Amino acid sequence: MAQHGIESVLVAGRGPAACAVIAACSRLGVKAVAVYSEAERSARHVRLADDAVLLGPAPAAESYLAVDRVVEAARRSGAGAVLPVPPALAGNASLAAEVAAAGLTWVGPPAEVLERLGGDGVEPASEHGLLALVTEEGLRYPTAVARDRAAGIARVSWTPDPAGEVPLGAKRLVDVGWRGLVTVGVSEDGELGEVAAGFSLDMAVLERAHRVDAVDLALATAAGRRAPRRRTAEEHPPRAAVAVQLRSTLAPGRAGRVTGRLPASGRLRGAAGETELVAVSGYDPGDRLDPWYDALLTTVSAGAADTATAARAAGVALSDLPDAGVPHDGAEVCAVLDRLAAGDPAPGA
């Protein structure tokens, strides 16, 4: 059954984030078409999808990030929509324009809005931010987020306590025509910084905090329909959430092979109530870790009554890992989670 009138989607991306989007499409009854390079013909995101289309050679500039190849893949597959996963694609104004010109639905902000706001697809680098769904009616599910960063990449994100007020400038996103999911950087004095589309690590924080499906929200907004109704904040108040990334630490340009199983999703019940744990891996045991691409292995997110409980749940999922077959930064990530679980408001410091 078509979800929000969209029957099939070309999922433009790879790795754990693309796997998460494809799994969501399956739950929603939407046909998911994956894309892949010659180096990833049997990648996990390809295996999960209903169909898959080859983009081109291994270099990302000639495959995953090539606008003409992504649009042509959508045409060939018969998909009715294109959902860009990483900010580098979701913020690409040229790709948004080409998708629209091809008569396909672009799952993201309009090309002219991306062009006006930069359209470079850079994920916000600030330590504080705001997540939301932007609709004609205003901001939905506004979620403050704090980040611990390593080498410029967010490796742990969480809901700060207290969350603070939504910056006044965020409401201007509605007026300028932004529609869909948004990640905004916020300075220490509350001013808005970089604005990005796509499914960054932070979006898992919004999902766990509000018990929503970001893909469902994105498809509804792209189709011009109201986002699925959820319980109001009074009926079902937002909870604390934490999201982390586990990355391989193999030397640049060096390939590897995953031999151990990565974290799995589940629900944990403790003294503070039920904790939801969601883990999405980009690899299964036996999969090759290709040196051409980002070294992200898996993402783990947790929603709980408080941030400390969510951090502990994510920490347990990572600390119980068997030998994965490739070196990773699990120890460093767990150290951040331990400090967060102990109540440190700035665990990356």
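From a predicted model like this one, the values you see are computed outputs, not experimental measurements.
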- Message: So does Arg208 get a backbone contact from the side chain of Ser301, meaning a donor-acceptor N/O pair under 3.5 Å?
- Response: no
- Can you name the one residue among Leu297, Val258, Thr298, Leu250 that meets side-chain contact (heavy atoms from CB on, under 4.5 Å) with His328? Leu297
- Task: Kindly determine whether Thr221 and Arg179 satisfy side-chain hydrogen bond (donor to acceptor under 3.5 Å, both in side chains), including the steps that lead there.
- Result: CA-CA 7 Å; Thr221 306; Arg179 297 295 180 265; over 6 Å; no
- Query: Heavy atoms, side chains only, cut-off 4.5 Å: are Val156 and Gln245 in contact?
  - Reply: no
- Message: Against Asp287, only a single residue in Glu40, Arg257, Arg47 fulfils side-chain contact (heavy atoms from CB on, under 4.5 Å); can you say which?
- Response: Arg47
- Message: Would the distance check show the side chain of Glu207 and the main-chain N or O of Ala214 forming a donor-acceptor pair, the cut-off being under 3.5 Å?
- Response: yes
- Message: Between Arg147 and Ser157, is there a side-chain donor-acceptor contact under 3.5 Å, judged purely by atom types and distance?
- Response: no
- side-chain contact (heavy atoms from CB on, under 4.5 Å) between Asn92 and Leu114: does it pass, once the steps are laid out? CA-CA 7 Å; Asn92 189 315; Leu114 291 173; over 6 Å; no
- Do the non-hydrogen side-chain atoms of Leu217 and Val212 ever get within less than 4.5 Å of each other? yes
- Item | Side chain Ser8, main chain Gly80, donor-acceptor under 3.5 Å | yes
- Message: Please determine whether the number of non-hydrogen atoms from other residues, nucleotides or ligands lying under 6.0 Å from atom CZ of Arg76 exceeds 12.
- Response: yes
- Under 4.5 Å between any side-chain heavy atoms of Arg288 and Pro291, yes or no? yes
- salt_bridge(Arg75, Glu72) N-O dist < 4.0 Å: yes
- With side chains defined as the heavy atoms from C-beta onward, is the minimum distance between Thr183 and Met203 less than 4.5 Å? yes
- Message: Do Pro238 and Thr143 make a side-chain contact, defined as non-hydrogen atoms from C-beta onward lying under 4.5 Å apart?
- Response: no
- Salt bridge Arg239-Asp306, side-chain N to carboxylate O under 4.0 Å: no
- Task: Check for a donor-acceptor pair, side chain of Ser63 on one end and backbone N or O of Pro57 on the other, with a separation under 3.5 Å.
- Result: yes
- Task: Kindly say whether the aromatic ring centers of Tyr293 and Tyr64 come within a distance under 6.0 Å.
- Result: yes
